[in-house]
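Reckoned from all heavy atoms, side chains included, excluding hydrogens, waters and symmetry mates. Since the structure is predicted, the reported quantities are computational estimates derived from the model, not experimental observations.
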Amino acid sequence: MVIAVVLLAIGVVTLVYAFTSLFTVKKGWQQIQASNGAEANCAGDFVLFYDIGSGEMSASAEKRGLTAAYTDAAVKAYRLFDSIVAYEGVHNVQYINAHPNETVDLDPALYAALEQIRDAGDRSLYLGPVYEIYNGVFTCENDGQTADYDPRQNESLREYFAQCAAFARDPAAVDMELLGGGQARLHVSEEYLAFAREQEIECFIDFSWMKNAFIADCLAQSLADAGYTRGALSSFDGFVRDLFDGDEAFGVNVYDKGEQAATVTYTGPMSIVYLRSYPMNAQDAQHYYEMEDGTVLAACVDPADGLSRTAADDLVVFARDVGCAETLLKLAPLFVADTLDGDGLSALAEQGIYAVRPDGERVLYNDPDVSVAPAEGYESACDGK
């Protein structure tokens, strides 16, 4: 049996499985949704498909349990990574921002995410003030409104972003100290605190465009801990956790600026990160604004100067041994750049993170264990870069 998993160009970037009577059978692959009436949660950013009824439990009982586990996990992850709203009894990102230089107790999932960022040496987390303003671009209704939020059009804003980025890069100015035992402290220097008061900054850290990579891992781990491992989860912004450990073949479409360029087929559990320079579906309005001249403003911000950068239109990476967050943290320095570093992609392949990317009329890939079928007008090439 071959199961086709497709990243769609229209609507939610999701997983779609080819089999008979998807929504009518009681057993087999089905889309699982969070419970109706559930509290605010992140399930709207994700699609979960699951092979119901393959185990010892009845299909109806398994689906009820899975739905409850998925709903609980989606509510919890939404709250933990929220940088705006406070929730009673929840020490989330907003809570950390509101308590600089204080020791706080964190949920293991959020603590683990901060550990990953620390270990990767990534400083994007500390661009909270930049993200807060730049997000205004994505609410603009026309180009005339974008100059208030786009530093490339606004010199004073560019200088402000550069100041914020300088603080973000400096561990002496702002840094998360992880103390063990789930305790952490957001260190903010007196100089930065004074600047924050002057500029009315309240958000020092924010996962921003990377957030769903961490949430995908949290959801996948929560489901696995509850015994649900015959499924696949994807976010609208290109983060996929395929938990299914079987012989079925899965396929992922790779696009070239919205045009299908190839289908990649693989087997076994996989983490996939699909990064793009352009909007691909309606929900992408959260992360992109396309101007009338075709210029795209994207949420991928460079800690070097606070400016948005994307090094490729489409870049897909696959990892079998690590989750979406770790994969993204290793890929981000290559993608948030002016040009794509092919040697850097080769170095990632040596760590088990493999890339597929369009290059003109070719689709390059560096994982010999996947099958790449090019679309009409393209050819595939196994390449080290």
**Request:** Classify the ring geometry between F236 and H287 as parallel (under 30°), tilted (30 to 60°) or perpendicular (over 60°).
**Result:** parallel

Spacing of [X] atom [atom1] and [Y] atom [atom2] [to the nearest 0.5 Å]:
| X | Y | atom1 | atom2 | answer |
| --- | --- | --- | --- | --- |
| T146 | M291 | OG1 | CE | 3.5 Å |
| F318 | I353 | CZ | CD1 | 13.0 Å |
| L275 | F239 | CG | CZ | 6.0 Å |
| K27 | I52 | NZ | CD1 | 11.0 Å |
| D107 | H91 | CG | NE2 | 11.0 Å |
| D359 | S380 | CG | OG | 13.0 Å |

Does [atom1] belonging to [X] count more than 12 external heavy atoms closer than 6.0 Å?
| X | atom1 | answer |
| --- | --- | --- |
| N36 | CG | no |
| D321 | CG | no |
| Q163 | CD | yes |
| I84 | CD1 | no |

**Message:** Go through it in stages, so that I can follow the logic: the residues are D314 and Y278, the test is side-chain hydrogen bond (donor to acceptor under 3.5 Å, both in side chains), and I'd like the CA-CA distance, side-chain angles, deciding distance and then a yes or no.
**Reply:** CA-CA 9 Å; D314 294 85; Y278 60 94; 2.7 Å; yes

**Residue list, ring pair (Phe, Tyr, Trp, His ring centres under 6.0 Å) with Y78, at least two apart or on another chain** = none

**Partner residues of F214 under the ring pair (Phe, Tyr, Trp, His ring centres under 6.0 Å) criterion, sequence neighbours left out** = F207

**Those residues that, when tested against R309, pass side chain to side chain donor-acceptor pair (under 3.5 Å) (two or more places apart)** = D302, D305, D338

Do [X] and [Y] come close enough that some side-chain heavy atom pair is under 4.5 Å?
| X | Y | answer |
| --- | --- | --- |
| K63 | I32 | yes |
| L345 | L364 | no |
| I133 | L157 | yes |
| Q30 | Y50 | no |
| V301 | S124 | no |
| M210 | D122 | yes |

**Request:** Provide the full list of ring pair (Phe, Tyr, Trp, His ring centres under 6.0 Å) pairs with a residue in residues 163-187, sequence neighbours left out, each pair given once.
**Result:** F167-Y192, F167-F195

Expected output: side-chain [X] to main-chain [Y] donor-acceptor under 3.5 Å:
| X | Y | result |
| --- | --- | --- |
| R241 | A216 | no |
| T229 | L243 | no |
| S222 | A73 | no |
| E62 | G53 | yes |
| S271 | V322 | yes |
| D237 | D284 | no |
| D313 | K257 | no |
| D242 | M270 | no |
| Y160 | E155 | no |
| D343 | D341 | no |

**Request:** Keeping to residues at least two apart or across chains, list the salt bridge (charged side-chain N to carboxylate O under 4.0 Å, His left out) pairs with something in residues 176-195.
**Result:**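 Checked against salt bridge (charged side-chain N to carboxylate O under 4.0 Å, His left out) - neighbours excluded - no pair reaches residues 176-195.
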
**Asked** Given D217 and Q221, is the side-chain hydrogen bond (donor to acceptor under 3.5 Å, both in side chains) satisfied, shown in steps?
**Response** CA-CA 6 Å; D217 290 344; Q221 188 62 55; over 6 Å; no

**Request:** Verify the distance criterion only: is there a donor paired with an acceptor across the side chains of S277 and T310 at less than 3.5 Å?
**Result:** no

**Prompt:** Between S208 and D206, do the side chains contain an N or O donor and an N or O acceptor separated by less than 3.5 Å?
**Reply:**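 Checked: S208/D206 side chains show no N/O donor-acceptor pair below 3.5 Å.
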
**Pair L193-F204, side chain to side chain contact (heavy atoms under 4.5 Å, CB included): steps then yes or no** = CA-CA 10 Å; L193 284 174; F204 296 101; 4.1 Å; yes

**Request:** Could you give me the CA-CA distance, side-chain angles and deciding distance for L328 and W209, then say whether side chain to side chain contact (heavy atoms under 4.5 Å, CB included) is met?
**Result:** CA-CA 11 Å; L328 176 60; W209 66 279; 4.0 Å; yes

Hey, are [X] and [Y] close enough for a salt bridge, meaning a charged N less than 4.0 Å from a carboxylate O?
| X | Y | answer |
| --- | --- | --- |
| D367 | R320 | yes |
| D45 | K211 | no |
| R123 | D175 | yes |

**Asked** Same cluster for Y354 and Y255 if Ile/Leu/Val/Met/Phe/Trp/Tyr side chains link at under 4.5 Å?
**Response** no

**Pairs satisfying side-chain hydrogen bond (donor to acceptor under 3.5 Å, both in side chains), at least one member in residues 127-145, at least two apart** = D143-Y289

**Request:** Give the C-alpha distance, both sets of side-chain angles, the deciding distance and a yes or no for side-chain hydrogen bond (donor to acceptor under 3.5 Å, both in side chains) between D256 and Y378.
**Result:** CA-CA 10 Å; D256 181 6; Y378 292 86; 2.9 Å; yes

**Asked** What do the steps show when you test N154 against Y149 for side-chain hydrogen bond (donor to acceptor under 3.5 Å, both in side chains), and what is the final call?
**Response** CA-CA 8 Å; N154 186 324; Y149 309 102; over 6 Å; no

**Prompt:** Stepwise, does the side chain to side chain contact (heavy atoms under 4.5 Å, CB included) test hold for I96 with I205?
**Reply:** CA-CA 8 Å; I96 295 172; I205 65 171; 3.8 Å; yes

